[in-house]
Amino acid sequence: MERHDVLVIGGGLLGCALAHHLTRAGATVALVEKDQLNRHASGQNAGSLHFQLEYRMIQHGPEVAARAAEALPLHLDAMRAWASLEDEIGEPCGVRRRGGLMLAETPEQLELLARKTALERAHGLDVRVLDTDETHALAPYLSDHVLGAAWCPGEGKANPRLVTHAYARAAARNGAHIAAGTGLRALRHDGREWIATVTRDGRERPMRARAVVIAAGIWTAQVAAMADVRLPVIPVALSMTVTAATAPLVPHLVQHVGRRLSLKQTEEGNVLVGGGWPAKFVHHGGDLDLDERPELRLDSVFGSADAARVVPAVQQLPVLRIWSGATSLTPDQLPLLGAVPRRPDLYVATGGSAFTLGPTYSRLLAQQVLTGRTELPIGDYSPARFGFLNFV
Ligand SMILES: Cc1cc2nc3c(=O)[nH]c(=O)nc-3n(C[C@H](O)[C@H](O)[C@H](O)COP(=O)(O)OP(=O)(O)OC[C@H]3O[C@@H](n4cnc5c(N)ncnc54)[C@H](O)[C@@H]3O)c2cc1C
């Protein structure tokens, strides 16, 4: 029977980056992906590298924001990781770090920015509030509605179509066995090792591994249930809009402190607008169908068009495409990262902004899988925090 040190479930950014870090450290690794690599969230996202606390983390009040701020050491680590990623994996990934602005349009939002940046600076993030003149001098493409912004020079973007595949190729060069079109169907521990049943083209085959890492995005709870574990993963359907290409207009990553917005221009000139606009999962008899692409919501289409309020030039650009995708969150907005309690050598990685933070999550989790220790503490993100929910 095929045997590896580690079996990784899921061929998105997290799974492929894990395979890279694990093989780089000398482990033998197999990765199984039920569809194509990068087919889901990792290839459908906005590609924002946002290290400031996001709107979704500050909209629920100071307590949630303070808790989210405890993850800032991971944000700082990820900022460094993206700076050297293309050298590390030997391929261009479209990483451009020309800084990010989080906008305020009201005096209250300016105050919120001031509180937010104070929290972030206390954790070492290079970020500061610009007044109205400074903001417009730096970003002349913004409308007069914008009163100020938090400026974080290390923010930017990367190309979601490139990153996961580049990680996968780096892992394969180090000997990882990467099998697309191969789904995990069953998982059990025989007292010594994990035995997985995977299927490809309708044919089943068993695999053995000392450790298993679940990096299955919105399907994480389904996969965990195969090992009789219940994980509180919340699937969230989102939509993104892309305009036709235009001349260089917006060099920065643009976000908003008071409402959903992420806006950036790709290297090809298209403007991408997102920021958490909801789409709608397809239901069958009351059950979510995670395999079907979520449907678009008209209110989100109109909502994201409101980006023109702060970047007026966007209004002149024809919309090329609006698409939907789905990502995973947890009840406390923090990632699920670490060993699953009471299951030997079973690990999970999902939740949160796993594009921005994926290089860090995957490196730290690979360290935990191989040595039991991590360079930065990840105990706060352990699935153990959800206590009794872990077991069915
Ligand atoms: C529209 C949108 C915009 C976003 N924008 C941003 C952004 O700008 N910045 C940011 O940081 N984050 C963003 N995100 C979130 C980010 O994309 C995700 O956090 C990240 O891509 C998750 O990566 P992943 O590898 O965990 O999951 P995925 O990319 O979903 O990969 C999981 C993989 O597991 C596979 N799988 C599942 N079950 C099985 C099984 N039984 N057997 C084998 N394989 C299996 C799936 O097929 C899938 O390919 C966005 C998400 C969306 C949807």
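Just so you know, residue 1 is the first one in the sequence shown, and it goes up from there. Fair warning: this is a prediction, and the values are worked out from it, not measured in the lab. Both ligands and their constituent atoms are indexed starting at 1 by order of listing.
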(request) Would you please say whether a donor-acceptor pair under 3.5 Å links the side chains of Thr182 and Glu33? (result) no
(message) Tell me the protein heavy atom at minimum distance from atom 30 (O) of ligand 1, and give that distance in Å.
(response) Ala41 N, 3.4 Å
(request) Quick one: look at Arg39 and ligand 1, take heavy-atom pairs under 4.0 Å, and tell me if it's side chain, backbone, both or neither. (result) neither
(request) Examine Val348 and Leu290 and state if one hydrophobic cluster contains both, with Ile, Leu, Val, Met, Phe, Trp and Tyr joined whenever side-chain heavy atoms are less than 4.5 Å apart. (result) no
(request) Side-chain contact test, heavy atoms from C-beta onward, threshold under 4.5 Å: evaluate it for Ile234 versus Thr330 and give yes or no. (result) no
(message) Within the 4.5 Å heavy-atom criterion, are Gln255 and Leu103 side-chain neighbours or not?
(response) no
(request) Scan side-chain atoms only and decide if Gln52 and His50 contain a donor-acceptor pair under the 3.5 Å cut-off. (result) no
(message) Using side-chain heavy atoms (C-beta onward) and a distance below 4.5 Å, is Arg121 in contact with Arg128?
(response) yes
(message) Quick test: of every protein heavy atom, which one is nearest to atom 52 (C) of ligand 1, and how far off is it to 0.1 Å?
(response) Leu238 CD1, 3.9 Å
(request) Among all protein heavy atoms, pick the one closest to atom 34 (O) of ligand 1 and tell me residue, atom and distance. (result) Gly10 CA, 3.2 Å
(request) Specify side chain, backbone, both or neither for Ala215, according to which of its non-hydrogen atoms lie closer than 4.0 Å to ligand 1. (result) backbone
(request) Determine, step by step, whether Phe302 and Trp277 satisfy the ring-ring contact (aromatic ring centres under 6.0 Å, His included) criterion, reporting the C-alpha distance in whole Å, the side-chain angles of both residues, the deciding distance to 0.1 Å, and the verdict. (result) CA-CA 10 Å; Phe302 289 129; Trp277 290 101; over 10 Å; no
(request) Tell me whether the centres of the aromatic rings in Trp82 and Phe355 are closer together than 6.0 Å. (result) yes
(request) Distance to 0.1 Å, residue and atom name: give those for the protein heavy atom nearest to atom 6 (C) of ligand 1. (result) Asn45 CB, 3.6 Å
(request) Looking only at protein heavy atoms, identify the closest one to atom 31 (O) of ligand 1 and say how far it is in Å. (result) Gly12 CA, 3.4 Å
(request) Using a strict cut-off of 4.0 Å, indicate which atoms of ligand 1 neighbour a heavy atom of Thr182. (result) 43 (C)
(request) State, without any angle test, whether Glu375 and Gln367 hold a side-chain donor-acceptor pair at a distance under 3.5 Å. (result) yes
(request) Return a yes/no value for Ser42: is any of its N or O atoms, backbone included, closer than 3.5 angstrom to an N or O of ligand 1? (result) yes
(message) To check you understand the geometry: which heavy-atom pair defines the closest contact between Arg3 and Arg210, and what is its length?
(response) NH2-CB, 3.9 Å
(request) With atom 26 (O) of ligand 1 as the reference point, say which of Leu357, Thr356, Val8, Leu14 has the nearest heavy atom. (result) Leu14
(request) Could you tell me whether Ala46 and ligand 1 have an N or O pair separated by under 3.5 Å? (result) yes
(request) Please write down residue, atom name and distance for the protein heavy atom closest to atom 35 (C) of ligand 1. (result) Glu33 OE1, 3.2 Å
(request) Check whether any side-chain heavy atom of Val127 sits under 4.5 Å from a side-chain heavy atom of Trp151, and report yes or no. (result) no
(message) Are the side chains of Leu317 and Val271 in contact, using a 4.5 Å heavy-atom criterion?
(response) yes
(message) Test of understanding: given a 4.0 Å heavy-atom threshold, classify the contact between Ala326 and ligand 1 as side chain, backbone, both, or neither.
(response) backbone
(message) With nothing but distance in play, are any N or O atoms of Met240 less than 3.5 Å from an N or O of ligand 1?
(response) no
(message) Checking contacts here: is it the side chain or the backbone of Val198 that comes within 4.0 Å of ligand 1, counting heavy atoms only? Could be both or neither.
(response) neither
(message) On a heavy-atom basis, I'd like to know which of Leu49, Asp35, Leu184 is closest to atom 42 (N) of ligand 1.
(response) Leu184
(message) For a quick test of reading the model, state the closest non-hydrogen atom pair linking His136 to Val146 and the distance between them.
(response) NE2-O, 2.9 Å
(message) With a heavy-atom distance limit of 4.0 Å, tell me whether Trp219 approaches ligand 1 through its side chain, its backbone, both, or neither.
(response) side chain
(message) What protein heavy atom lies closest to atom 27 (O) of ligand 1? Include the residue and the distance to one decimal.
(response) Gly217 CA, 3.7 Å
(message) Which option wins on minimum heavy-atom distance to atom 16 (C) of ligand 1: Tyr167, Phe355, Tyr361, Phe51?
(response) Phe355
(request) May I ask you to check whether Ala354 has an N/O atom sitting below 3.5 Å from an N/O atom of ligand 1? (result) yes
(message) For ligand 1 and Lys34, I'd like to know whether there is a polar contact (N/O to N/O, distance under 3.5 Å).
(response) yes
(request) Using a 4.5 Å cut-off on heavy atoms from C-beta on, say whether the side chain of Leu253 contacts that of Arg97. (result) no
(request) For ligand 1, indicate whether the residue Val223 contacts it via side chain, backbone, both or neither (heavy-atom separation under 4.0 Å). (result) side chain
(request) Name the option, out of Ala180, Pro335, Ser48, that contains the heavy atom nearest to atom 7 (C) of ligand 1. (result) Ser48
(request) Please work out whether the ring planes of Trp194 and His189 are parallel, tilted or perpendicular, with thresholds of 30° and 60°. (result) perpendicular
(request) Please report which non-hydrogen protein atom sits nearest to atom 18 (C) of ligand 1, along with the residue it belongs to and the distance in Å to one decimal place. (result) Thr327 OG1, 3.5 Å
(request) Check whether any N or O atom of Gly352, backbone or side chain, sits under 3.5 Å from an N or O atom of ligand 1, and answer yes or no. (result) yes
